[in-house]
> 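Sharing a structure below in structure tokens format, with a few things to ask.
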2 protein chains.
Amino acid sequence: MNLEEKLHDRNIKPTAMRLLVLEALENAPMAMSLNDIELMFEKADKSTIYRTLKTFEKNKLIHSIEDGSGQVKYALCPESCECELNDLHYHFHCKKCKSTYCLSSQHIPKIELPINFELEEANMVLNGICASCR
Amino acid sequence: MNLEEKLHDRNIKPTAMRLLVLEALENAPMAMSLNDIELMFEKADKSTIYRTLKTFEKNKLIHSIEDGSGQVKYALCPESCECELNDLHYHFHCKKCKSTYCLSSQHIPKIELPINFELEEANMVLNGICASCR
DNA sequence: AAAAGTAGTGCAACTCATTTGCAAAGTTTA
DNA sequence: TAAACTTTGCAAATGAGTTGCACTACTTTT
Ligand SMILES: [Mn+2]
Ligand SMILES: [Mn+2]
Ligand SMILES: [Zn+2]
Ligand SMILES: [Zn+2]
């Protein structure tokens with residue numbers, strides 16, 4: 001599936017900026033912040049990228065991660081992800097290089113909640129040192 | 001153990017403000033933000049409270065939680081907590097009332113990391129609706 | 001094709017939590 | 001007591017995120 005198809009699949013009209021942002025996210029080996037993406041382009045407007053990311057997130061093309069770095073990171077969702085409980089996975093944030101990785105291979109386990117608490121989403125961030133930094 | 005002893009125990013000098021902030025955290029049933037604490041006092045300086053919280057955190061009297069609300073929350077550590085891996089627990093953030101609870105009864109399980117990744121801390125936030133909000 | 005309507009973009013300005021600089025006040029040490 | 005160090009209060013800076021608004025581009029209707 002190419003970039004345009006991926007957008008179409010999520011009911012997002014393929015504008016130039018959207019294609020560029022999606023491409024950036026596809027090629028990045030780790031999650032990216034608004035700022036990271038802005039810096040990848042010579043001349044790109046922050047709010048356009050911001051709104052692009054919001055659109056992508058609303059339409060479940062990407063998910064966001066609050067890794068404690070002070071900048072929200074974004075990563076592509078797997079194809080046909082519906083961002084539901086069983087799609088939840090851990091994220092690892094390296095204290096040294098500040099990279100944030102999706103640990104997609106491992107879904108989060110069942111967690112005992114107090115009675116009558118209802119789980120909807122989760123933001124699970126592990127912190128430490130990544131392989132390239134040791 | 002009274003408030004002064006608790007501070008002493010963590011090598012924190014018991015100033016008036018510190019005693020008040022500690023008391024506030026002790027009495028709160030859930031985690032509190034800098035702003036929450038500031039609002040509890042008639043006339044209190046934000047940066048003093050800020051630095052108080054930083055001191056408490058550095059000395060492991062409290063731990064911080066990034067719950068996605070845009071405000072970092074703080075909660076008391078259990079006595080003699082060293083904020084190590086086995087002290088890690090989940091937090092629950094209610095989307096409705098914005099309260100953040102420590103789910104202290106349940107420690108986080110062992111998580112499979114990619115090879116050579118080293119875990120040091122974690123910020124695990126569950127989101128949903130709390131019992132009082134349903 | 002022209003007009004009207006809708007969606008996306010660029011720019012500037014704003015919000016707001018957090019953080020810092022600095023001088024004044026308080027505390028401890030010699 | 002004097003010097004050294006710590007804590008506090010105030011004001012200002014920082015910086016991520018967000019919004020208003022005018023302009024452009026695209027789509028649909030006449
Ligand atoms: Mn992810
Ligand atoms: Mn906690
Ligand atoms: Zn790293
Ligand atoms: Zn609630």
Side-chain angles (χ1 to χ4, degrees), chain A residues 3-4 6-8 10-25 31-59 61-75 93 98-100 123 125, chain B residues 3-4 7-8 10-24 31-59 61-75 93 98-100 123 125:
Chain A
L3 297 174
E4 303 217 4
K6 278 180 185 155
L7 291 179
H8 182 260
R10 297 291 188 169
N11 275 300
I12 302 166
K13 286 189 211 148
T15 68
M17 200 63 227
R18 288 171 179 172
L19 289 164
L20 287 171
V21 171
L22 176 55
E23 193 183 31
L25 289 164
M32 298 220 291
S33 68
L34 170 56
N35 194 50
D36 292 338
I37 297 172
E38 193 186 359
L39 293 176
M40 293 188 64
F41 305 110
E42 194 64 40
K43 171 193 158 300
D45 183 65
K46 191 164 42 116
S47 24
T48 302
I49 303 175
Y50 170 76
R51 289 187 269 232
T52 296
L53 291 169
K54 288 293 185 184
T55 301
F56 283 6
E57 188 178 20
K58 181 157 61 68
N59 293 27
L61 180 59
I62 63 177
H63 60 278
S64 62
I65 308 137
E66 311 230 359
D67 61 10
S69 67
Q71 308 191 166
V72 178
K73 304 280 175 72
Y74 298 90
H93 179 243
K98 317 294 183 199
S99 299
T100 294
N123 185 56
V125 180
Chain B
L3 296 175
E4 302 217 5
L7 291 179
H8 182 260
R10 297 291 188 169
N11 276 301
I12 301 167
K13 286 188 214 152
T15 67
M17 200 64 228
R18 288 172 179 172
L19 289 164
L20 286 170
V21 171
L22 176 55
E23 192 182 32
M32 299 220 290
S33 69
L34 171 57
N35 194 51
D36 292 338
I37 297 172
E38 193 186 2
L39 293 175
M40 294 188 64
F41 306 110
E42 195 62 39
K43 171 194 159 298
D45 183 65
K46 196 167 31 121
S47 22
T48 301
I49 303 175
Y50 171 76
R51 289 187 268 231
T52 296
L53 291 169
K54 287 294 183 184
T55 301
F56 284 7
E57 188 178 20
K58 181 156 62 70
N59 293 25
L61 180 58
I62 63 176
H63 59 278
S64 63
I65 308 137
E66 312 231 359
D67 61 9
S69 67
Q71 307 191 166
V72 178
K73 304 279 176 69
Y74 298 90
H93 179 244
K98 317 294 183 199
S99 298
T100 295
N123 186 55
V125 180

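Remember, it's a predicted structure, so these values are computed and weren't measured experimentally.
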> Along DNA chain D, 5' to 3', what are the outermost nucleotides having an atom less than 4.0 Å from a heavy atom of chain B?
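Listed 5' to 3', the contact boundaries are dT6(D) to dA11(D).
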> Table please: side-chain donor-acceptor pairs of residues 32-42 of chain B below 3.5 Å, with sequence neighbours left out.
unit_1   : atom_1 : unit_2   : atom_2 : d
Ser33(B) : OG     : Asn35(B) : N      : 3.4
Ser33(B) : OG     : Asp36(B) : N      : 2.9
Ser33(B) : OG     : Asp36(B) : OD1    : 3.3
Ser33(B) : OG     : Asp36(B) : OD2    : 3.1
Ser33(B) : OG     : Gln71(B) : NE2    : 2.8
Asp36(B) : OD2    : Ser33(B) : N      : 2.9

> For Asn123(A) and Ile65(A), which heavy atoms make the closest approach, and how far apart are they?
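Answer, listing the atom of Asn123(A) first, then Ile65(A): OD1-CA, 3.7 Å.
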> What integer distance in Å separates Asn59(A):CG from dA7(C):P?
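Answer to the nearest Å: 13 Å.
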> Would you kindly give the CD-to-C1' distance between Glu57(B) and dT19(C), to the nearest whole Å?
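Taking CD of Glu57(B) and C1' of dT19(C), I get 14 Å after rounding.
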> Per the side-chain contact (heavy atoms from CB on, under 4.5 Å) rule, which among Asn59(A), Ile12(A), Thr15(A) passes with Leu7(A)?
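Checked Asn59(A), Ile12(A), Thr15(A) against Leu7(A); only one passes side-chain contact (heavy atoms from CB on, under 4.5 Å): Ile12(A).
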> What residues in residues 41-51 of chain A put a non-hydrogen atom under 4.0 Å from any atom of DNA chain C?
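Close to the strand are Asp45(A), Ser47(A), Thr48(A), Arg51(A).
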> Could you tell me the separation between the CD atom of Glu4(A) and the CG atom of Leu19(A), rounded to the nearest 0.5 Å?
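So the gap between those two atoms works out to 5.0 Å.
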> To the closest 0.5 Å, what do you measure between CG (Leu61(B)) and CZ (Arg18(B))?
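These two atoms lie 11.0 Å from each other.
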> Would you mind writing out the side-chain donor-acceptor pairs for residues 51-58 of chain B within the sub-3.5 Å range, not counting sequence neighbours?
unit_1   : atom_1 : unit_2   : atom_2 : d
Thr52(B) : OG1    : Thr48(B) : O      : 2.7
Thr55(B) : OG1    : Arg51(B) : O      : 2.9
Glu57(B) : OE2    : Ser64(B) : OG     : 2.6

> Does any pair with a residue in residues 63-73 of chain A pass salt bridge (Lys or Arg N to Asp or Glu O under 4.0 Å), and if so which ones, sequence neighbours excluded?
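Only Asp67(A)-Lys73(A) qualify under salt bridge (Lys or Arg N to Asp or Glu O under 4.0 Å).
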> Without decimals, in angstroms, what is the distance between Ile12(B) CD1 and dT27(C) C1'?
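Taking atom C1' of dT27(C) as the reference, CD1 of Ile12(B) is at 17 Å.
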> His93(A): which residues meet the ring pair (Phe, Tyr, Trp, His ring centres under 6.0 Å) condition with it, sequence neighbours left out?
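In terms of ring pair (Phe, Tyr, Trp, His ring centres under 6.0 Å), with neighbours along the sequence ignored, His93(A) is linked to no residue.
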> Using whole Å, what does the distance between atom P of nucleotide dA17(C) and atom CG of Asp67(B) come to?
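Value for this atom pair: 13 Å.
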> What's the angle between the local helix axes at either end of the helix from dA1(C)-dT30(D) to dA30(C)-dT1(D), using five pairs per end and rounding to 10 degrees?
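That helix has its two terminal axes inclined by roughly 10°.
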> Figure out the CG/P separation between Leu19(A) and dG8(C), and round it to whole Å.
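Rounding to the nearest Å, CG of Leu19(A) and P of dG8(C) are 13 Å apart.
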> Which comes earlier along DNA chain C counting from the 5' end, the contact point of Asn35(B) or that of Lys13(B), where each point is its nearest nucleotide?
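Checking each residue's closest nucleotide, the 5'-ward one belongs to Asn35(B).
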> Go through the structure and list residues passing salt bridge (charged side-chain N to carboxylate O under 4.0 Å, His left out) with Lys6(A), not counting sequence neighbours.
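If we apply the salt bridge (charged side-chain N to carboxylate O under 4.0 Å, His left out) test to Lys6(A), skipping adjacent residues, the hits are Glu26(A).
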